[in-house]
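For reference, the structure discussed in these notes is given below.
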Amino acid sequence: MSKGANDNNNGMSGRSVGGRAITRKAMLCIVGAFLFIFGTLFERHLWTQRTKGKDLSSDSKDRSERVTAKRPSTSSLSLSLSSNRTTADAAAKRHQDAVCSIYLCIQTKDPNKFAFTDDALRGAIEKEANRLSNVVNVNVDALGHTMKKCVKHPNDEWEVPKLKRANYLSHTNKMEDLKTSLYKGIPLFPIVVHQVIWQVTDAVGNDRKTIPAFPENSLVSLRDLEKPKIDEKYRQKIESIMQTAKYWIDEAYALYEDDGGRGNLPLKYNDRKVWAIWSGLNGSNYAYRLVAAKLGVGLASFENALAWRLLVDVTTGVASSKGSEKSFYWKYKDLVDKNVAMQEAIAYKNKILDQKWNKNIDKWDMHLSPSHNLPPDILERPARRPMVVFLGHVYSDTSVVYMLENGFNDQVDVIIETASWCVKHNVDFVVKMHPAEKKAFRKKSPTETKLKLDPRWQALLALKDTNPLTAKKNMLLKVDGQNLVNTYKLIDAADVIVTVLSLSGFESLLLGKQVILTGAAFYGKLGFTRDAQTSDELRSHLYSVLQKRLSKTRRAGKTDVALTPSLYEDVATFFYTFRHYATVDRNDVDEIARRIIRACTPAV
């Protein structure tokens with residue numbers, strides 16, 4: 001190889017060695033930079049962890065301090081309990097210092113309501129008040145004053161006393177104004193509608209000329225009076241009764257202002273008054289109830305109940321179907337011994353079937369029906385054809401006036417809708433008017449009168465006689481308005497019972513029958529009745545109950561439409577709670593006194 005070539009090779013070799021040196025320096029610089037960056041990041045990481053550790057420790061300490069602060073010491077807990085006891089004792093003392101004055105606004109001399117005198121009730125209240133003296137402070141010393149202070153209205157309670165009539169002169173108003181009239185903050189129209197209906201019903205049943213030129217088929221209902229436009233002939237009557245309602249309201253306010261026989265002793269802010277009233281839905285009692293609700297007065301209301309007992313309500317003031325019957329059922333139903341309840345229900349059922357009633361002991365005289373057998377047209381009807389029975393009410397009964405479902409005008413409406421369905425399906429239908437309609441109205445049954453004059457009823461009778469299906473099979477469409485048919489034998493023969501809210505409807509349940517209600521009954525909407533608010537619902541329930549018996553492929557018997565054992569057990573349980581908790585024996589003056597005093601201690 002030439003020298004030039006060697007020189008060139010040497011030069012290239014030198015440059016190669018120098019390049020490798022430069023590359024090593026660059027790598028060292030890169031590694032150093034990487035280590036520097038890594039070290040910086042690692043140091044920052046350690047600093048962050050140390051900071052979090054301090055925060056966690058601080059948070060833990062703060063939480064510990066907070067828990068410690070919330071957890072009272074033994075001494076502070078004892079102090080708190082002592083404070084609570086002191087507060088409770090103070091509240092009890094304030095309650096005990098308060099005086100409860102009891103006013104008796106009911107006629108205990110009425111044998112159809114109570115079986116004791118005012119003096120007997122007064123003695124029972126004194127006895128019970130002394131027994132509960134550590135709980136309630138009854139104004140015992142003034143019972144002689146307070147129990148006679150409330151005016152007990154006679155039968156003509158709708159008349160303002162002569163000496164006070166000048167204070168309640170009538171003023172002509174439009175019907176629209178009368179419906180919205182207020183007196184001292186109390187609406188007048190709800191108070192008077194029942195009396196308007198009663199007077200019209202009385203005019204029909206006894207041929208009285210209460211309203212001039214009043215047609216006998218024009219019985220009026222609450223729905224009629226609630227319509228935007230009603231007959232002007234009712235205006236003067238409504239207005240006259242409203243003047244009496246104003247008098248009652250003034251009486252109620254005066255009763256509220258009464259000093260309770262304390263003389264010059266000042267009334268305390270927590271003193272309480274209790275008024276004992278009847279029903280809470282009629283006449284002066286309605287007015288007293290509304291005033292009591294407005295002013296915070298306690299109420300104990302009474303009403304006749306099943307098995308000649310008294311229903312006592314200290315919650316709503318309405319002792320008929322709007323009281324505490326269902327509350328007692330829901331409160332005690334799971335505690336009731338079902339075997340005992342069934343035994344009591346069956347014993348009452350047997351009493352119904354045996355007709356062993358003691359007048360005004362087991363059953364109110366006004367509710368009794370003849371004990372003889374059913375008439376031939378009912379006894380001899382085909383066994384395969386089902387029968388529906390409607391149990392009626394006195395047309396002007398307060399419970400029907402105020403508690404009929406909005407889908408019906410009156411009970412005549414219910415009768416015609418039921419009859420229409422029965423004629424269509426060839427089902428026998430019997431209407432049992434309330435026995436009291438015959439006894440309360442000398443001339444005729446108002447409900448039967450309105451029913452027979454209704455064009456819809458007349459059309460049904462014609463259809464029954466001309467329709468080949470019903471005429472050939474002699475379908476039964478019968479009305480007992482003269483109380484000729486025994487109520488319970490009729491129920492026993494029926495497949496299904498329809499009623500607004502009759503007490504006999506509940507007895508029908510005890511007899512194992514399915515019951516369709518069209519009103520707010522005290523035993524309704526608890527699962528063992530069928531409740532209809534409209535005509536469509538009524539027809540639906542009728543078909544649902546009787547569809548097996550109406551089947552052409554299989555003719556079912558009565559057992560197929562009876563209450564199931566589980567539903568009957570629920571009925572028995574309700575009967576037990578109603579009998580032992582919601583009602584009292586009308587002879588048990590001590591228990592009645594206890595119920596009245598209970599109204600002195602309302603739940604806060």
Side-chain angles (χ1 to χ4, degrees), residues 107 110-114 155 157 194-195 197-208 210 216 219-222 278-279 281-283 285 302-311 319-321 352 355 357-372 389-404 410-412 414-415 430-452 479-491 497-508 517-519 521-522 586:
Q107 292 275 12
D110 187 341
N112 288 323
K113 295 179 179 179
F114 299 99
N155 292 330
E157 63 173 320
H194 170 254
Q195 181 60 14
I197 294 170
W198 163 254
Q199 290 195 13
V200 173
T201 307
D202 183 57
V204 172
N206 293 313
D207 284 341
R208 302 183 195 278
T210 308
E216 63 179 357
L219 286 178
V220 67
S221 69
L222 177 60
W278 185 262
S279 173
L281 282 179
N282 60 317
N285 294 298
F302 298 83
E303 182 59 275
N304 286 314
L306 192 71
W308 197 236
R309 295 174 68 80
L310 279 177
L311 181 65
S320 176
S321 296
I352 291 175
Q355 295 289 289
W357 301 118
N358 293 316
K359 179 180 175 181
N360 284 353
I361 294 177
D362 292 322
K363 184 167 282 291
W364 196 16
D365 176 41
M366 294 285 282
H367 291 202
L368 291 173
S369 60
S371 58
H372 52 65
V389 169
F390 177 84
L391 298 176
H393 303 258
V394 175
Y395 186 87
S396 55
D397 187 90
T398 54
S399 58
V400 181
V401 169
Y402 292 109
M403 297 179 193
L404 180 71
D410 56 12
Q411 69 172 336
V412 172
V414 180
I415 294 171
V430 179
V431 179
K432 173 63 182 177
M433 297 299 180
H434 197 291
E437 276 218 347
K438 171 68 175 175
K439 298 178 181 180
F441 304 103
R442 297 189 305 272
K443 300 293 184 180
K444 52 198 167 187
S445 160
T447 306
E448 184 182 17
T449 301
K450 182 174 183 179
L451 175 65
K452 290 186 174 181
V479 177
D480 177 24
Q482 301 302 311
N483 195 28
L484 301 176
V485 179
N486 180 268
T487 302
Y488 298 109
K489 291 182 179 179
L490 183 61
I491 293 171
I497 303 298
V498 178
T499 186
V500 178
L501 38 64
S502 171
L503 194 60
S504 293
F506 182 65
E507 292 175 317
S508 301
L517 299 173
T518 61
F522 71 89
R586 67 181 62 236

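Ring geometry for Tyr402 against His194 counts as tilted: the plane angle lies between 30° and 60°, on a 0 to 90° scale.
The distance from atom OG1 of Thr201 to atom CD of Gln195, rounded to the nearest 0.5 Å, is 10.0 Å. A distance of 6.5 Å separates CD of Glu303 from OG1 of Thr398, quoted to the nearest 0.5 Å. The distance from the OG atom of Ser396 to the CD atom of Gln199 is 10.5 Å, given to the nearest 0.5 Å. The structure places CG of Asn304 at 9.5 Å from CG of Leu503, a figure rounded to the nearest 0.5 Å. From Ser221, atom OG reaches atom CD1 of Ile197 across 6.5 Å, with rounding to the nearest 0.5 Å.
Each of Thr499, Val500, Leu501 was evaluated against Thr518; a single residue qualifies, Val500, per the side chain to side chain contact (heavy atoms under 4.5 Å, CB included) test.
In this structure the side chain of Phe302 never reaches within 4.5 angstrom of the side chain of Ser279, judged on heavy atoms. Inter-residue side-chain proximity for Phe522 and Leu311 is flagged as unmet; no heavy-atom pair is nearer than 4.5 Å. Counting heavy atoms from C-beta on, the side chains of Tyr395 and Asp410 come closer than 4.5 Å. Within the 4.5 Å cutoff, the side chain of Lys432 has no heavy atoms near those of the Ile491 side chain. At least one side-chain heavy atom of Ile497 sits under 4.5 Å from a side-chain heavy atom of Leu391. Looking only at side-chain heavy atoms (C-beta outward), Val401 and Trp198 stay at 4.5 Å or farther from each other. A 4.5 Å side-chain heavy-atom check between Val498 and Val414 finds at least one atom pair inside the cut-off.
Between the Gln411 side chain and the His393 main chain, a donor and an acceptor come within less than 3.5 Å of each other. Not one N or O on the side chain of Glu448 forms a donor-acceptor pair closer than 3.5 Å with the backbone of Asp480. With hydrogens and angles disregarded, no donor-acceptor distance shorter than 3.5 Å links the side chain of Arg586 to the backbone of Leu310. Side-chain atoms of Asn285 come within 3.5 Å of backbone N or O of Trp278 as a donor-acceptor pair.
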### Message
Let's go through Thr447 and Glu437 carefully: what are the C-alpha distance in whole Å and the side-chain angles of both, what is the deciding distance for side-chain hydrogen bond (donor to acceptor under 3.5 Å, both in side chains) to 0.1 Å, and is it a yes or a no?
### Response
CA-CA 8 Å; Thr447 306; Glu437 276 218 347; 2.6 Å; yes
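Looking at every heavy atom in both residues, Gly481 comes nearest to Ser445 through O-CB, 3.9 Å. The shortest heavy-atom contact between Leu219 and Pro446 is CD1-O, 3.2 Å.
For Val431, the side chain to side chain contact (heavy atoms under 4.5 Å, CB included) partners at least two apart in sequence or on another chain are Phe390, Ile415, Phe429, Met433, Val479.
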